[in-house]
Amino acid sequence: MIDLAQLRREPDVLKAALGRRGISSREVDEIVALDVEHRRLLQESERLRAEVKELSRRVGAARREKDLVTAEELASTSRGLGDDERQASEATELVGSRLRDLLLLLPNLPDPRVPDGADENDNVEVRRWWVGMDEGAPFPTFADHQRVAHWDIGRDLGILDMESGAKLAGSMFPLYRGAGSRLIRALAFFALDQHADAYEEIRPPSVALTDTMMSTGHLPKSADDMYAIERDDLWLIPTAEVPLTSLHRGEILNESALPVRLTAFTPCFRREAGAAGKDTRGLLRVHEFDKVELFAYCTPAQADEAQADILRRAEGILQALGLTYRVLDLCAGDLGTASAYTIDLEVFSPGVDRWLEVSSVSWFRDFQARRANVRYRTSDGSTAFVHTVNGSALAWARIWAALVETYRQEDGSVRLPAVLAPYFGGDPVLRATPS
RNA sequence: GGAGGGAUGACAGAGCGGCCGAAUGUACCGGUCUUGAAAACCGGCGUGGGCUUGCCCACCGUGGGUUCAAAUCCCACUCCCUCCGCCA
């Protein structure tokens, strides 16, 4: 949620910033007008309320002095005022809730660093990385044996069974088996071990209340992208960002405790409602995938470094796995609702010949903290909203795809990078099992 | 799923219709004293919102209701604790 005080103070700055994301200035004007009206009504109802309270005090005083006639007169006056007050506060609440609704739908202000642009085609590629790049090796060319799609590799080796997944839960729910399943586990354990030095490991619930979903900005705007369990008012989490952002909801943290860094390995559920039929083969786009998330609550001054640390760690995993990837600076039009500045990581998957998004590292300024009401006490004793940053490190389904394609050998087996060996209890080689 | 008990400020814990935003203790911050610390003493100490910056309003788990007036009475819900049942 953006700051209403800032909206009053400098509406033109907000219009310009939101305009970059395609929000018309009319929408902002409507909110400003509602705010003015809301405060006018608030003053009126509070004035009436104060009067009722004052009269009630005098009723009490009169009755103590056994002046029952005066007491009844005052009570009668107050009764009338009470009706007015009720009406006034109902009107205030009506305008107030309309104002809140609009405010909740308004996206965050893009940071000045964010490049202009309308959609993903305008994202700016910052750099690429590949094995040997630092020693001057050219961008890799991939051999024919690497140019096989992961769904074919998965079928041939018996490690990915999309048909069974579909049988159990419908299409786009993958089922990994054998070494394929172990690979997901290995990746998650490897990453968690990498982050254990600075991030507290959390295993949150995989479902969240509506309030919890509100805090990150996923609701009310993106309800159609989420799985809902209506009878229990629960939602399947689309990312661990949701529970982690709400972990300290409604709390005031000590400045000395910041940054609070958290990591979590959870399943992520996405309906992908608008994506029917588009890039949906194999693991390109799935309804459920596992992900290790990095997250931090921090002060505004710590935010840049907190975001940089997450990006560094996400890249570190990609480099340790020897995967080719690129770094994108998301343009204003492609920014997530809550984000002020986002860097995406895309891994190159040679078998499908595509860049696949595997991480999104975002700084939310105080947008989420305002919704979740997470503050910190500064050294001078005042309170301020924390900043939140998060990023995946990483989303494993697409990493799984890029790994088996990149490391497919001429004989059809997959020889995974040595860093995973400890998690495989030996040579991380995936071979077809004779059936 | 059934029965009972509870939810008040950072914590403990009073209040159970009328200057109660809330006693008291602890913690915390400032001061006096002290070579320094401790102790003692004095003072301060919740969060948001509105506007004429001094005042007003809201908040005692959440949402409704009763009343001139609700932390206090009534109803519903949520969470926690104890016991029983069921159970990975």
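Values in this document were obtained by computation on a predicted structure and should not be read as measured data. To find a chain, count down the sequence lines: A is the first, B the second, and so on, and within it residues start at 1.
The phosphate of rU47(B) has OP1 or OP2 within less than 4.0 Å of a side-chain N or O from Arg377(A).
The base-pairing partner of rU34(B), taking Watson-Crick or G-U wobble contacts with both distances under 3.5 Å, does not exist among the strands shown. In this entry rC20(B) has no Watson-Crick or G-U wobble partner, no candidate having both defining distances under 3.5 Å. When both pairing distances are held under 3.5 Å, rU47(B) makes a Watson-Crick or G-U pair with rA58(B). Using Watson-Crick or G-U wobble geometry with both donor-acceptor distances under 3.5 Å, rA10(B) finds its partner in rU26(B). Shown here, rC73(B) forms a base pair with rG65(B); the pair counts as Watson-Crick or G-U wobble because both key distances fall under 3.5 Å.
Checked by atom type, the side-chain pair Glu241(A)/Thr216(A) shows no donor-acceptor distance below 3.5 Å. If you check the side chains of Ser339(A) and Asn108(A), you find no donor sitting under 3.5 Å from an acceptor. Using a 3.5 Å distance cut-off with no hydrogens or angles, the side chains of His150(A) and Trp400(A) do not pair a donor with an acceptor.
Residue Leu4(A) contributes atom CG, which lies 16 Å from atom P of rG48(B) at whole-angstrom precision.
For Arg113(A) and Tyr341(A), the positive end sits near the middle of the six-membered ring, less than 6.0 Å away and at most 45° from its axis.
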Distances under 3.5 Å between protein N/O atoms and the N/O atoms of nucleotides 68-71 of chain B, please, pair by pair.
| residue | atom | partner | partner atom | Å |
| --- | --- | --- | --- | --- |
| rC68(B) | OP1 | Arg79(A) | NH1 | 2.2 |
| rC68(B) | O4' | Ala75(A) | O | 3.2 |
| rC68(B) | O2' | Ser56(A) | OG | 2.9 |
| rC68(B) | O2' | Ser78(A) | OG | 2.4 |
| rC68(B) | N4 | Arg63(A) | NH1 | 3.1 |
| rA69(B) | O4' | Ser56(A) | OG | 2.9 |

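The side chain of Arg64(A) approaches rG18(B) more closely than any other nucleotide in the set rG48(B), rC51(B), rG18(B).
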Query - Asn373(A) vs Arg375(A), side chain to side chain donor-acceptor pair (under 3.5 Å): CA-CA, chis, key distance, verdict - result: CA-CA 6 Å; Asn373(A) 192 23; Arg375(A) 288 166 291 170; 3.2 Å; yes
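Each of Glu54(A) and Leu42(A) lies near RNA chain B, and the nucleotide nearest Leu42(A) is the one positioned closer to the 5' end.
Gln6(A) pairs in a side-chain hydrogen bond (donor to acceptor under 3.5 Å, both in side chains) with only one of the listed residues (Arg9(A), Glu10(A), Arg8(A)), which is Glu10(A).
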